[in-house]
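Written out below as structure tokens is the structure these notes cover.
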Amino acid sequence: SETRKQPLSKKTKKSHIANEVEENDSIFVKLLKISGIILKTGENQNQLAVDQIAFQKKLFQTLRRHPSYPKIIEEFVSGLESYIEDEDSFKNCLLSCERLQDEEASMGASYSKSLIKLLLGIDILQPAIIKTLFEKLPEYFFENKNSDEINIPRLIVSQLKWLDRVVDGKDLTAKIMQLISIAPENLQHDIITSLPEILGDSQHTDVGKELSDLLIENTSLTVPILDVLSSLRLDPNFLLKVRQLVMDKLSSIRLEDLPVIIKFILHSITAMDALEVISELREKLDLQHCVLPYRLQCRTVICFLSATCSSSGNQESSDQSCIILLFDVIKSAIRYEKTISEAWIKAIENTASVSEHKVFDLVMLFIIYSTNTQTKKYIERVLRNKIRSGCIQEQLLQSTFSVHYLVLKDMCSSILSLAQSMLHSLDQSIISFGSLLYKYAFKFFDTYCQQEVVGALVTHICSGNEAEVDTALDVLLELVVLNPSAMMMNAVFVKGILDYLDNLSPQQIRKLFYVLSTLAFSKQNEASSHIQDDMHLVIRKQLSSTVFKYKLIGIIGAVTMAGIMAADRVQDMQPSAPNLSPDTYKLGQENCLNPVTSLLQLVHSCSEQSPQASALYYDEFANLIQQEKLDPKALERVGHTICNDFQDAFVVDSCVVPEGDFPFPVKALYGLEEYNTQDGIAINLLPLLFSQDFAKDGGPVTPQESGQKLVSPLCLAPYFRLLRLCVERQHNGNLEEIDGLLDCPIFLTDLEPGERLESMSAKERAFMCSLLFLTLNWFREIVNAFCQETSPEMKGKVLTRLKHIVELQIILEKYLAVTPDYIPPLGNFDVETLDITPHTVTAISAKIRKKGKIEERKQKADGSKTSSSDTISEEKNSDCDPTPSHRGQLNKEFTGKEEKTSLLLHNYHAFFRELDIEVFSILHCGLVTKFILDTEMHTEATEVVQLGPPELLFLLEDLSQKLESMLTPPIARRVPFLKNKGSRNIGFSHLQQRSAQEIVNCVFQLVTPMCNHLENIHNYFQCLAAENHGVVDGPGMKVQEYHIMSSCYQRLLQIFHGLFAWSGFSQPENQNLLYSALHVLSSRLKQGEHSQPLEELLSQSFHYLQNFHQSIPSFQCALYLIRLLMVILEKSTASTQNKEKIASLARQFLCQVWPSGDKEKSSISNDQLHALLCIYLEHTDSILKAIEEIAGVGVPELINSPKDVSSSTFPTLTRHTFVVFFRVMMAELEKTVKKIEPGTAADSQQIHEEKLLYWNMAVRDFSILINLIKVFDSHPVLHVCLKYGRLFVEAFLKQCMPLLDFSFRKHREDVLSLLETFQLDTRLLHHLCGHSKIHQDTRLTQHVPLLKKTLELLVCRVKAMLTLNNCREAFWLGNLKNRDLQGEEIKSQNSQESTADESEDDMSSQASKSKATEVSLQKAPESGTDGCILLIVLSWWSRTLPTYVYCQVLLCPFPFPP
């Protein structure tokens, strides 16, 4: 607008000159003309005939040489004022001049300045012209723009910018500030923003002060003022005051002004105050601005999802633009100022409360993560800690994406990179966070980002890492439901996973085919036929394979696909059904289901040649029916066939005993009906198993050869499950059609081995084992089927079957004990390989025991006083409960605990059929009255059946395994190295098709009956203790019953712990579940109203569970009770008092005498003892006193007692467990002193005294512990001593030495006493280094160099402390001889003594290179030379403190780091 159109040619210019030249006789016009400017009239530009610099020089010289100088200046300015009275002339003077000379001839700038600007460049004219301009300016304050859109006030201000020199800066500043005070607001903005371009650096301070005053007076000018202050060179202290002023006004600032204000605040931050400013900014900013109002949030999400924004969205888009601009400002600051990003992360990290974490925090972490590559690891660590502590939850993440998706969209790749990193974690909560990042990125970002998300998930699925694959598949499942049309666009990526099926587990294959089938058969997606074709191809190819692994993929894929097809087609028929005639509807239904049935028939025909494949197909088909995917008509047709086939294959008349050349006599056993009937049925198990084994020996018997269908007993349980679910679905849960199978006997032989066990051949024993496994699996499926029957008679029969299972397991264990290499028939068929072997470890444990004895002999030969186990024995996931004594006969044949454990049926878990979660409703059973009927259906007798302890234990063991599998995070149940990754999930496939929330729901229904059982067991042990006068293993005790009840107790506590420790309670939707469970527990204590607060329920539940401590039968139970109480405590806010109760309880358990599991070895495992001891020391109010009590009271008792006797105060402390106690005490001591803040000069005298007293206690404890190595010198103890000894000395250096610096003068005696005690400990550490060298034990010597370096640093630090307190002359160095643990001099050093004397000066100077040059080496008194590692106080005679400090000369053979 300020530039004029140039004339078209030079001719045109010349033709206009004559007519429009200003004709005026004033001195102003004449002088300008002489100097080279021709003034024009009207709207024509003034013409500049010479160069701009030449004009200024000429005019300056003309004025100076004029006879009437300096009066001529006034006349000249007066002429200017007269000339600019005319508005057009004034405007011409403000606009650039037209140049007459050629461009090539010009030596100046390529643009022309205005006349006023040229005159302002002449020093003698500048003040007068500035005055004239400022007088002229107010005339245009309230005038609108000219017709040609020229803004005169803005033009006047622009004349003052970028002047080569300002003659009178102060006067100009005063005039400008005066003008600002009277100008209208829009002009105020222009003038203020122009200040940096008008004023010189010398005026910045004055302007800054004026602007800060204006800032207080006029809030509307905040933005331009802060914008200018950022550009001025101002004193940092002044900026700090302005910043504080702005921070206080932050709450009243409009959103559109925020970016400039934040820019100013971030610009003024220094390294010293960064954290403080960011913390304050974080609190104020988020509350006021960065979380949009709720209404706006709703509109934003709706607009985004529907992509239809109405005109009412203008304000909304403006607000969004402001927020995007704000984050751009922050990004810029973070990118160029490292201190800002670090302070921001630190401020978020320091926020402790869950409620204080805001959406803004997460956005900032994402921004810094994407902007600064150096901080990525730091941010990942902060996020992980926040997620683990529950500070960042799903709701917060969802709000972040829904509010700021436009900001986050630009960081898509960084967010996906962060999600990928999270999925590599071992912690389930962090993995879940990573999966949510993927989910919300897909939901809120554009199609390009969605493609990236799917690509990243596919990469995870093909990675082979089990946890990653599971999580990525779960996310894909959610996305398919969330946005199927968007997923369809990326289906080609998902389809690519079909090439990597080899690496997926059966459960993962199910999920993958569910995703693909949903995409392929959804009616919304018309272009999905190519996926269908590819899936059909893959399935047919896999089904035709002869390798079971590939056939499994085909079966699972086909059945999953059939389920989706059936559900989709049935759903398709539903809406149109009312408009169709019955025949048409029926025909349409059949047409719809034809592809489904043909696919299932294909699977059936491809799997019937292999028993394992058939069994897998039956199981998968059963799952399909259970999920209610099949249409009732199709189900009826299928069900009829299944029922007939089952009867033909497995059911025979009970009165006709099969005949054949069987190895054992066949009998009908385990029938539940007492009367004899002619039409009874039986399960034909032994003959089928024999014929199958015969077929194996004599070559395969094909259906063509035998003329009948090949039936395998392996399919008995899976086929029955399929039949049962068919009948259940058809008759709404009524199983009357098949209830005869609950009663019917099985054709077996006498299973109890008796004396014939030893005389049996290996083949016969294997046959009996297979028979037992198949019978057990049949009974397990029977219990699965009928467990929810309500009639007492049926309940009684189910309980009887449960007893049969327990009895058969005892018999099976006897056979397995003498059949070591036996591999049972499969019970679960969705396994990756058929080569599954039980995890028997008998042979291995025998080797370990043998090796242990050899090592023990070696240790005795070495002269060690205590034989402590080096490594803490690995805790079995069943926690090795005392073996129930009903297995006693078998256990007598073995003497080691390892053998007992190895023969537990837990090792054969994969070969048993899975119990459904509904089975545990049996726990509700108390006493059941069962009627025995005669042949005419009259009551003949009444029998009382109840859930006995062995059956209870059986159910509880299975339930605890299920909870561990589903609720325990993978980090806590990590699979051992080289173990088959899928083996952990075998036997849990039905369970894993349910969500953890469903499982928790089911188990919460059992809280009341489990409390009943817990109380009954508690009463049992209370009565037992009363009968035996407190002696647990008294003479009248039934050992078998005691062990079973003890195991039940442990399992119940384990289940409660697993339940309440579930991480899902942190999610709001699961709070009601927790509330109801706690209400059940608290109501056992006292009946209360339903509306009690959570805190009250937690307190009552804690007290209820705490009451069980009086009857705890074993150390394992004690540990689980403590852990359970801790889990309850974690959910409470007022936990201090209960924390002390946990410490008291843990101490009570440590001081209790526990029944020993074996004469040779304690029943307490090292892992469990370690855990309980840690809990005690972490919860006690004074760790130092607790350590002193154990080390100062318990250990001396142990030392003075006979070899196999424990400490009387702490019976759990024995010579075997000493290393556990020692390790925990050393670790906790080091952890405690690390938490003590180092003293500062600013602290009060009282704080110094308290910290000094604490350090005195800590060093005393350290001294007691270190000196124990003279008595307990086994390798593990020495290893602990070296490791934690160094860490303690390092903590002493960092935390205690600064305190001693300030305390030395006032508490001289205390400080010297502390150092003298510590000197003895460090001397012993030096001896330990020597001991490690003599024995050449690399496991010990690897710690020596770092320890020696730390000891040397300590000497230097003590010297520094003495120097600080003006006692530098007291410090000098001396030699120290190497000695062993007993203080004996190491003989190998004697030969080097002469050379050591000669090189004494060299070594001491080398050792003291880093020390001050004043260190002198004097002859130390002989009494002290041989043993001093740190310092010895020799005299205390004068005020000058002649304290002698010795330092060892480094004789260690290991090189130190520089």
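Residues take their numbers from the sequence shown, with the count starting at 1.
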Note: E918-R994 ion pair, threshold 4.0 Å (strictly below):
yes
Sorted by first residue and then second, give each salt bridge (Lys or Arg N to Asp or Glu O under 4.0 Å) pair with at least one member in residues 905-915; sequence neighbours left out.
D619-R913, E781-R913
S544 side chain to R540 backbone, donor-acceptor under 3.5 Å:
yes
Working to the nearest 0.5 angstrom, can you tell me the gap between I922 CD1 and Q788 CD?
9.5 Å
How far does CG of D470 sit from CD1 of I431, to the nearest 0.5 angstrom?
9.5 Å
What distance separates N828 CG from F911 CZ, expressed to the nearest 0.5 Å?
9.5 Å
Evaluate the side chain to side chain donor-acceptor pair (under 3.5 Å) criterion for residues S485 and N483: first the C-alpha distance (whole Å), next the side-chain angles of each, then the deciding distance (0.1 Å), finally the verdict.
CA-CA 6 Å; S485 55; N483 196 343; 3.1 Å; yes
Output field: ring centroids H604/F621 closer than 6.0 Å:
no
Please determine if R510 and D830 form a salt bridge, counting it only when a charged side-chain N lies under 4.0 Å from a carboxylate O.
yes
Please check this pair: side chain of E468 against backbone of G464, looking for a donor-acceptor N/O pair closer than 3.5 Å.
no
With ring-ring contact (aromatic ring centres under 6.0 Å, His included) as the test, pick out the partner of F720 among W778, F650, Y618.
W778
Please answer whether the main-chain N or O of I782 pairs with a side-chain N or O of R801 as donor and acceptor at a distance below 3.5 Å.
no
Evaluate the side-chain proximity of Q1005 to S921: yes if any heavy-atom separation is below 4.5 Å, no if none is.
no
Do side-chain atoms of T459 reach the backbone of G455 as a donor and acceptor pair under 3.5 angstrom?
yes
